[in-house]
Amino acid sequence: MRAFVLGTGSTGNALLVEAEGVRIMVDAGIGPRNAAARLAALGLELAPGSLDGIVATHEHGDHFGGVEKIARAFGAPIYLHPGIPAQRVRKRFAVRDYAIGRSFRIGSLEIETAHVPHDAPQVAVRVASKDHAIGVATDIGRPTRALASLLSGCDAALLEANHCPELLAFGPYPTRLKHRVSGGWGHLSNPQAAELAGRLVGSRLGRIFLGHLSRSNNTPERALETVAAAARGIEVSVLPHGSVCALNLLDIRRKNPYQMTLKFD
Ligand SMILES: [Zn+2]
Ligand SMILES: [Zn+2]
């Protein structure tokens with residue numbers, strides 16, 4: 001299994017997972033031209049017809065904004081749960097609905113989802129091949145038991161560490177937005193990500209990639225330091241805002257898990 005981070009953070013999220021000849025994208029918050037260029041830079045050619053599905057987690061623009069164009073450009077089916085109304089997309093595409101909490105297959109890959117609190121109906125996703133599983137969990141208001149359970153069955157996970165509470169409190173956001181981010185239906189803070197990581201110690205999870213970092217309210221160093229302290233025995237790496245990189249999941253415990261890291265803004 002290989003995973004390609006094509007963006008993480010408020011400027012656009014997309015993760016391509018490839019295993020057993022099947023390719024799926026979890027979220028498409030960037031357009032097809034960017035997606036193809038970033039993948040090409042990482043050494044993967046994405047031709048029309050070679051993407052087997054786009055699984056959307058929720059309807060926010062940084063995750064959903066490129067869904068239509070990517071589906072059209074690569075001829076990929078769109079998988080939505082009932083909490084994503086997306087009238088326009090449903091009118092124009094033959095959408096495949098999936099039920100939150102019930103696993104389904106795209107080719108030989110098994111997709112599992114768990115509801116997570118956020119200010120739009122939102123899920124965390126587990127993609128599993130015969131041998132490996134990766135979790136994607138961003139845009140999380142607060143840690144939950146269902147989320148910990150989903151991630152405990154993964155080898156590696158992309159986990160949100162959105163903000164440092166102090167930087168958010170004294171940072172540039174207006175008060176209302178500060179409350180939205182930290183109020184239990186927004187985004188996971190570094191200490192909340194650390195708490196979740198602590199619950200996962202001793203599980204199958206061997207590596208955490210921290211992502212969806214805020215540019216204004218966090219630093220890669222703070223995120224890494226806070227989470228790594230709680231994640232005893234789990235390797236923790238940080239993907240700065242706008243990271244584009246290929247993650248090698250075949251040997252998740254090796255020191256440098258990146259095949260290649262590029263920076264786009
Ligand atoms: Zn987001
Ligand atoms: Zn969101």
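Order of appearance sets the numbers: ligands from 1, and atoms from 1 within every ligand. Note that the structure is predicted; figures quoted are calculated from it, not measured.
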Inset, instruction - With 2.8 Å as the limit, jot down which protein N, O or S atoms are around the Zn ion (ligand 2). - result: H58 NE2, H60 ND1, H118 NE2, D139 OD2
Inset, instruction - Report the hydrophobic cluster partners of L177, with the cluster defined as I, L, V, M, F, W, Y residues connected by side-chain heavy atoms closer than 4.5 angstrom, directly or transitively. - result: L168, Y173, V181
Side-chain atoms of residues 141-151: list all donor-acceptor pairs with protein atoms under 3.5 Å, sequence neighbours left out, distances to 0.1 Å.
residue: R142; atom: NH1; partner: G184; partner atom: O; Å: 2.5
residue: T144; atom: OG1; partner: L147; partner atom: N; Å: 3.1

Inset, instruction - Mind telling me whether H63 and H58 have parallel, tilted or perpendicular rings, with 30° and 60° as the class edges? - result: tilted
Legend entry - Pairs flagged by side chain to side chain donor-acceptor pair (under 3.5 Å) wherever residues 74-85 is involved - sequence neighbours left out: Y79-R96
Inset, instruction - Give me the one residue out of H60, H163, H212 that meets ring-ring contact (aromatic ring centres under 6.0 Å, His included) with H187. - result: H212
Legend entry - Heavy-atom neighbours of R90 CZ exceed 12 at 6.0 Å: yes
